[in-house]
Amino acid sequence: MTLRVAVIGAGIVGAISALEAVRDGHHVIIIDPDSPGGEQAASYGNAAWISEGTVLPVSTPGLWRKIPGYLLDPEGPFSIRWSYLPKVLPWLIRFVRAGSTVSKVQATARARRTLVATAISRYRALADEAGLSHLLHHRGLLYVYPSRTDFEAEALEWRLRRELGLTWDELDGPALRRFEPGLGPAYGFGALLKDGANLSDPGAFVAGIVKHAVSLGATLLRARATDFRVEGERLVAVTTDDGEVSCNRALICAGIHSKELAHKAGDAVPIESERGYHVVVADPEYVPQHPVMPSDGKMGLTMTDSGLRVAGQVELGGIKAAPDWRRAEILLDHLARVFPSIERDPARIKRWMGHRPSTPDGLPCIGPSTACADILHGFGHGHSGICMAPVSARLLVDLAGGKSPAIDPKPFSVRRFR
Ligand SMILES: Cc1cc2nc3c(=O)[nH]c(=O)nc-3n(C[C@H](O)[C@H](O)[C@H](O)COP(=O)(O)OP(=O)(O)OC[C@H]3O[C@@H](n4cnc5c(N)ncnc54)[C@H](O)[C@@H]3O)c2cc1C
């Protein structure tokens with residue numbers, strides 16, 4: 001059956017969903033008030049990692065013990081604005097509970113793995129189809145630690161990866177330095193995850209996918225979706241600030257702004273912004289051979305088309321507060337440890353802040369809403385939306401079109417939050 005599908009939001013999830021829906025023969029209208037892949041979207045400014053090993057959720061056993069320290073340390077990788085604490089507390093409690101035992105984390109990791117296990121081959125197919133192969137690079141992802149002991153301290157993460165079939169090369173001191181000669185002396189051990197790739201301009205990738213979907217028949221409407229019109233139990237239209245868009249399916253893919261729309265579709269979803277930052281250093285003195293993540297900074301350093309991007313930090317502060325650019329300075333401090341030859345030259349540095357759309361349990365919401373099965377959720381990908389988007393989009397479009405999906409949708413149902 002040919003459907004009229006409104007895709008709300010043209011970030012990475014909406015863009016790929018729109019393409020999948022067009023390929024399935026549906027009429028597709030993409031609704032976004034801004035440019036696809038523009039600076040407003042998390043899909044623009046992320047670290048651009050495509051990791052098939054991003055299985056561990058952020059919340060893990062024992063995290064609650066670290067939270068007071070985070071609250072007191074304004075320079076750590078995780079911070080909470082004091083004024084926002086009362087508002088974020090219920091989310092935070094759910095977040096800590098979601099990772100309170102190893103068995104909960106194992107179940108989450110298995111569900112996350114279904115969304116990322118085929119990420120690289122899917123990106124390759126998308127890039128080939130849309131003429132975007134120049135933006136996709138498959139060189140592995142390098143995790144660096146001060147020492148092997150520090151690597152072993154993250155045993156749970158690597159054990160889960162092994163259990164889920166992932167492999168990596170371990171690089172001690174000299175081998176690590178031969179592999180990535182510009183690394184600073186602070187790092188003496190590395191693990192190279194082979195099932196890892198990266199984009200060199202994620203915003204351009206999103207824009208390219210949307211352009212391709214439009215070339216195949218999708219329509220792009222510059223408008224903000226505001227509500228839904230449902231008659232009987234069937235969806236009739238998405239309302240926007242520029243009038244109604246008639247449709248019989250709507251996919252909510254508006255990143256952090258999905259919360260209000262989900263609410264209109266009958267679901268009070270606990271989704272918070274984990275605000276993140278990036279700095280891009282144009283023409284860096286050292287060009288890393290691989291994307292690198294230092295264990296002490298928990299940020300991704302990735303060579304992009306505009307320079308070396310350092311992306312990371314988690315700040316709980318809501319979506320309205322202005323950026324705290326001290327967090328960008330923290331990223332630069334870490335960069336100086338990882339690649340000491342790179343100079344801190346303000347004329348070559350660009351900064352950005354964006355919103356990771358995060359559920360407390362590390363899993364996205366994909367599937368029908370409570371109020372109307374014709375309105376489907378496709379959001380909440382948190383730290384891993386680039387990695388998960390191709391499989392999430394396929395699942396979403398299968399569910400919208402009544403096809404049996406290739407993976408089990410149950411872990412991603414919004415009903416888990418009731
Ligand atoms: C610092 C940082 C580093 C990251 N690193 C990685 C990484 O290395 N790998 C990884 O996998 N993930 C990473 N992420 C997470 C990833 O970027 C996100 O999970 C992903 O981009 C979310 O995509 P999205 O399409 O859901 O939302 P977005 O990209 O935010 O797109 C949402 C779109 O919806 C539109 N919109 C909003 N409201 C409306 C409305 N009412 N009507 C219509 N349109 C609307 C917006 O304009 C926007 O274009 C990182 C995130 C950050 C912040």
Side-chain angles (χ1 to χ4, degrees), residues 49 51-71 76-78 80 88-117 119 141 143-168 170 189-196 270-272 274 293-300 312 314 316 356 358-366 380-385 387-388 391-392 407-418:
W49 284 37
S51 169
E52 294 185 359
T54 182
V55 292
L56 193 79
V58 181
S59 174
T60 49
L63 181 79
W64 61 272
R65 270 186 243 115
K66 297 183 191 156
I67 286 183
Y70 290 142
L71 279 170
F78 188 102
I80 305 176
V88 78
L89 199 58
W91 183 92
L92 207 52
I93 291 168
R94 286 180 115 139
F95 172 74
V96 170
R97 278 204 192 128
S100 61
T101 65
V102 171
S103 61
K104 282 186 191 173
V105 170
Q106 276 171 323
T108 303
R110 280 194 293 273
R112 286 173 62 89
R113 176 71 175 152
T114 64
L115 294 178
V116 298
L141 301 168
Y143 295 76
V144 295
Y145 296 83
S147 67
R148 180 177 276 277
T149 313
D150 296 290
F151 167 73
E152 285 166 357
E154 294 195 349
L156 175 62
E157 176 169 353
W158 293 97
R159 197 186 84 208
L160 286 174
R161 288 197 175 118
R162 179 167 288 120
E163 285 170 8
L164 292 167
L166 291 143
T167 57
W168 58 89
E170 297 185 1
F189 183 83
L192 178 75
L193 189 74
K194 292 175 204 153
D195 294 325
I271 170 170
E272 264 300 330
E274 289 189 73
M293 181 171 291
S295 62
D296 43 357
K298 296 287 176 213
M299 78 264 264
V314 169
L316 297 178
R356 298 180 186 88
S358 296
T359 59
D361 62 2
L363 298 174
C365 294
I366 305 168
H381 293 79
H383 289 244
S384 310
C387 307
M388 292 174 172
V391 177
S392 287
I407 64 164
D408 179 9
K410 231 178 285 132
F412 315 115
S413 167
V414 75
R415 284 171 184 75
R416 70 191 191 272
F417 293 123
R418 278 202 193 140

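- The only option from Thr54, Val55, Leu115 that meets the side-chain contact (heavy atoms from CB on, under 4.5 Å) definition with Cys387 turns out to be Thr54.
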Inset, instruction - May I have the step-by-step check of ring-ring contact (aromatic ring centres under 6.0 Å, His included) for Phe189 and Trp168, ending in yes or no? - result: CA-CA 13 Å; Phe189 183 83; Trp168 58 89; over 10 Å; no
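- The aromatic rings of Phe95 and Phe78 sit parallel to each other, their planes meeting at less than 30°, with 60° as the upper class boundary.
- Taking every heavy atom of both residues into account, Arg112 and Ser384 meet most closely at NH2-OG, 2.7 Å.
- Closest approach of Ser51 and Val116 over heavy atoms only: O-CB, 3.8 Å.
- Checked against Asp361 for a side chain to side chain donor-acceptor pair (under 3.5 Å), the options Lys104, Arg416, Arg97 give a single hit: Arg416.
- What you find for Arg113 and Leu166 is that their closest heavy atoms are NH1-CD2, 3.6 Å.
- A pairwise comparison of heavy atoms in Pro270 and Pro360 identifies O-CD, 3.1 Å as the closest pair.
- Residue Leu92 holds its CG atom at 9.0 Å from OG of Ser59, rounded to the nearest 0.5 Å.
- When the shell of 6.0 Å around CZ of Arg415 is examined, it contains more than 12 heavy atoms from other residues, nucleotides or ligands.
- In this structure, the separation between OH on Tyr143 and NZ on Lys298 is 9.0 Å, given to the nearest 0.5 Å.
- Atoms CG and CG, on Asp195 and Leu141 in that order, are 9.5 Å from each other to the nearest 0.5 Å.
- Between Ser358 and Glu274 the shortest heavy-atom distance is OG-OE2, 2.7 Å.
- Considering only heavy atoms from C-beta on, His383 comes within 4.5 Å of Val314 through its side chain.
- In terms of heavy-atom proximity, His381 sits nearest to Ser392 at NE2-OG, 2.8 Å.
- Geometrically, Arg94 does not engage Trp91 in a cation-pi contact defined by less than 6.0 Å to the ring centre and at most 45° from the axis.
- One distance of note links CZ of Phe417 with SG of Cys365; it measures 5.0 Å at 0.5 Å rounding.
- A donor-acceptor pair shorter than 3.5 Å can be found between the side chains of Tyr145 and Glu154.
- Side-chain contact between Leu156 and Val102: present, with at least one pair of heavy atoms (C-beta onward) separated by less than 4.5 Å.
- Taken to the nearest 0.5 Å, the CD atom of Glu52 stands 12.0 Å off from the CZ atom of Arg161.
- Using a distance-only test at 3.5 Å, with no hydrogens or angles considered, no donor-acceptor pair links the side chain of Ser413 to the main chain of Lys410.
- Of the inter-residue distances, the one linking Leu56 atom CG with Arg159 atom CZ reads 10.5 Å to the nearest 0.5 angstrom.
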